[in-house]
Amino acid sequence: MSGEEFVPLSLTPLLIGMFAAVACALPGNFLVLRRQALIGDAISHVVLPGIVVAFLVTGTISAWPMMIGAAGASLVAVALIEAIRKLGKIEPGAAMGVTFTAMFAAGVLLLEQSDTSAVHLDVEHALYGNLESLIWLDAVGWDSLWDPVALAGLPVELPRIALTLVAVIAFVWILWRPLKLSTFDEGFAQTMGLRTGPLGLALVVVAAIAAVAAFDAVGSIIVIAMFICPPAAARLMTNRLEMQIAWSVIFAILAAVLGYVIAGYGPLWVGSDHAVSAAGMIATISGLILAIAAVAAPCRTRTGAPVE
Amino acid sequence: MLFDALLLQLGYNATLVTIGAAFLGVSAGVTGTFLFLRKRALVSDAISHATLPGVGIAFMVMVALGGDGRSLPGLLLGSAVSAWVGLLCVNWLTRKTRLAEDAAIGAVLSVFFGFGIVLLTIIQTMSAGRQAGLESFLLGSTAGMLWNDAIVIAGGGVATLAVVLALRRPMGLVAFDPEFASASGLNVARIDLAIMGLAMAVTVVGLKIVGLILIVAMLIIPPVAARFWTDRTDQVVVLSGIFGGASGYVGAALSASAPALPTGPIIVLVSFTVFAMSLFFAPGRGVLAAALRHRRFQRRVHMRQGLLALAQGQPIYERFTLSLLRRAGLAHADGVVTETGRARAAKALRDEKRWELVRADQALEGAAALYDGMRELETVLTADQIAEIDRRIGGPKEIGV
């Protein structure tokens, strides 16, 4: 494939997909180890009321108000889950289920009640995203990468998700030791004087930021899949956290690239000329990777589990 | 309009949907209780998302066989099969690998849902069949529901409810105490699977009305709400069924009464309202009851401390204590003790002394264990025992001011 075709049509969606996948997979590692994997699921549901409210307040579809709305909604959801769990003494799973379904329902209702026919805002869009449409029309080939005029025409989602990825990496890098310690042994971390409560909240907030930024570009399916599948598969590969994170990044990138390529070009190979949903395909590939890891990975069983 | 809807006066279709939603709500509420008590509420989330590929594949198969792909029973059958596969995946991942159940749930729901979306985009490009409307399974759609569809839904709701009622004893036993259930000869794994199978049936039947993203709310919210009102399993089951049925009925009626009120979200929001009311107003476990209890306890502590301070002639600086004493007529606004106050203070001091003796006496160990600084001695010991303790203390003495 030549650069003239690849750079404008496929490079940016591919990069956005990869960045989004890695940005979600990094905090996902800690969430999976802390048994909070479904926080990602909850966040990606409550993003919908957040962006609908942002749209109703501002009246336009623009990125920043929606990001703020979505981030606000995920904080409200986290607070609500905690409140229901504490006030009602309910197990976290059920508290989460109550919260995110109610908020999602409220989002759908708001959407139906308000007049959004003039703008492109609907539930399907929120679920699938539109990765395929994030093309770079100003590019003519590889040379455009050094052309300031063409670079100005990059889809805004690309710098935004890149920035988010950098922030997520910085968070994990700076708080590496406290995060590791509090994830594996919260009691010990507390006796060392670490404030595990704020740390846990910070992790959820970072996850929410990653989810919102990725959601903006690729829809909520990838967000949930990338929070869980690559870290879960990586967990089955190794016993060391450092290695697990490395594996999860590899799996996330692999899923994003393979999923995008198969969604875009796979149908051509079998003789159909319609592409399928890239977001759905990336999620599917990440599931296949997890399935392979679950049957063949070296550390797939629990330590001490009987050999069958 | 709303009353017409609640009284089923809005025409044939609305009536069918409303009744169907009520049946669905009852069976979802009852089934969900067992999931909730088993602490596996979110497994239903994986089940419901896993229905999507089944819908897509069933549509393709039906089109390939020459139909138009719109037969509801066919689509529901497909969704049931793929939901079952998803459920088995969750169980397998949890049992055979080191992954925790939440990771398994998240993985299955996202991957099956993603694959379902891929299938939907393939279907959109198919020339054969009438694919429009498959998306309605995401959020449910009752508009333009056919008589046959309504029959399938109402029948499915009734059948699910019947199975739940038939299996309620073993399921309750397993949900409440799996070890005991296993020891009494029940096959816990199989009953767990039956609970999941019922949750799946509710999901599949509810796809058309509520949609696969929100059906999980009907399985989770009513039991959580019901749990606030009682501690008995059988009562939770009944209450949860009532809450679910009422939410389904009222929600469907509300949504029929005006345009742009989608059925699924309205049902979910109605049941969330029930939940919020339960959270705040339920006696015992409710927030309001807990706050009142806390307040009462606080008053007793302050009253007790205030009386002891009065008895010992110490000044009271704490405002709340002072206002409590004043309102009870035991002290003046400047903290000077009244006549009644002096009597009550003397009694409080005497009770303190009595407790001191009780706690020192090995023979009264049982009563002493109940000491928490506020309990009235009269509620613990008989009049004879108190008289005996008083004899040991000696007669009342004047308390100097």
Side-chain angles (χ1 to χ4, degrees), chain A residues 32 35-38 40-41 45 84 87-91 93-98 101-102 104-109 112-113 123-124 127-128 221-222 224-225 227-229 231-232 235-236 263 267 272 274-277 279-284 286-288 290 294 297 299-303 305, chain B residues 36 39-42 44-45 89 92-93 96-122 124-125 135 138-139 213-214 216-217 219-221 223-224 227-228 260-262 264-269 271-272 275 278-279 285 287 290:
Chain A
V32 164
R35 315 225 156 159
Q36 291 179 326
L38 290 171
D41 182 29
H45 281 86
I84 291 178
L87 290 178
K89 301 180 190 66
I90 295 171
E91 52 128 348
M96 218 182 273
V98 170
T101 52
F104 188 78
V108 175
L109 181 62
E112 294 279 328
Q113 288 279 309
V123 176
E124 277 82 18
L127 291 172
Y128 322 157
I221 305 171
I222 301 196
I224 313 174
F227 265 126
I228 300 173
C229 291
R235 174 87 182 99
L236 304 176
S272 160
H274 298 284
V276 300
S277 160
M281 191 50 92
I282 292 175
T284 310
S286 74
L288 286 181
L290 175 61
C299 301
R300 62 183 182 279
T301 51
R302 285 192 182 87
T303 316
Chain B
F36 171 58
K39 298 200 194 311
R40 299 185 74 188
L42 281 177
S44 54
D45 203 20
C89 286
W92 185 82
L93 276 176
K96 294 285 167 159
T97 73
R98 54 160 46 161
L99 294 176
E101 189 164 45
D102 64 333
I105 290 171
V108 166
L109 86 85
S110 58
V111 171
F112 274 67
F113 194 71
F115 185 56
I117 296 295
V118 170
L119 291 179
L120 283 192
T121 49
I122 294 176
Q124 272 167 7
T125 63
E135 276 90 2
L138 291 178
L139 290 171
I213 301 180
L214 288 175
V216 53
L219 286 163
I220 297 181
I221 299 181
V224 175
R227 182 67 185 85
F228 280 104
L261 292 177
I266 295 287
I267 293 179
V268 173
L269 290 177
S271 59
F272 183 75
F275 161 78
S278 309
L279 173 66
R285 287 167 60 100
V287 170

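Per chain, numbering begins at 1; letters A, B, ... match sequence-line order.
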Q | B/F228 portion near chain A, given a 4.5 angstrom heavy-atom threshold | A | side chain
For residues 107-121 of chain B, which side-chain donor-acceptor pairs fall under 3.5 Å, sequence neighbours excluded?
from	atom 1	to	atom 2	distance (Å)
B/S110	OG	B/G106	O	2.9
B/S110	OG	B/A107	O	3.2
B/T121	OG1	A/S277	N	3.1
B/T121	OG1	B/I117	O	3.3
B/T121	OG1	B/V118	O	2.6

Q) Do you know the tightest heavy-atom contact between B/L269 and A/A102? A) CD2-O, 3.6 Å
Q: Identify which part of A/I228 has an atom lying under 4.5 Å from any heavy atom of chain B, answering side chain, backbone, both or neither.
A: side chain
Q. Side chain of A/R300, backbone of B/R98: donor and acceptor closer than 3.5 Å?
A. no
**Q.** Residue B/D45 versus chain A: region with a heavy atom under 4.5 Å
**A.** side chain
Q: Check step by step if side-chain contact (heavy atoms from CB on, under 4.5 Å) holds for A/T101 and B/F272.
A: CA-CA 9 Å; A/T101 52; B/F272 183 75; over 6 Å; no
Q | Atom pair CZ (A/F104) and CG (B/L214), whose distance is rounded to the nearest 0.5 Å | A | 6.0 Å
Q: Give, as side chain, backbone, both or neither, the part of B/L99 having an atom under 4.5 angstrom from any heavy atom of chain A.
A: both
Q: State the CD1-CD1 distance between A/I90 and B/I220, to the nearest 0.5 angstrom.
A: 11.0 Å
Q | Reported CE-to-CG distance for the pair A/M96 and B/L42, which is rounded to 0.5 angstrom | A | 6.5 Å
(Q) Below 4.5 Å, heavy-atom pairs only: which of A/V32, A/I282, A/L236, A/L290 has the largest tally toward chain B? (A) A/L236
Q. What closest approach, in Å, do A/Q113 and B/L261 show between heavy atoms, and which atom pair accounts for it?
A. NE2-CD2, 3.3 Å
Q: Show your working on side-chain contact (heavy atoms from CB on, under 4.5 Å) between B/T97 and A/R235 and close with a plain yes or no.
A: CA-CA 10 Å; B/T97 73; A/R235 174 87 182 99; over 6 Å; no
Q: Kindly compute the distance separating CG (B/L279) from CG (A/L87), expressed to the nearest 0.5 Å.
A: 6.0 Å
Q) With sequence neighbours excluded, what pairs up with A/E91 under the side-chain hydrogen bond (donor to acceptor under 3.5 Å, both in side chains) test? A) none
Q. Measuring heavy-atom distances to chain A, does B/I266 have an atom under 4.5 Å in its side chain, in its backbone, in both, or in neither?
A. side chain
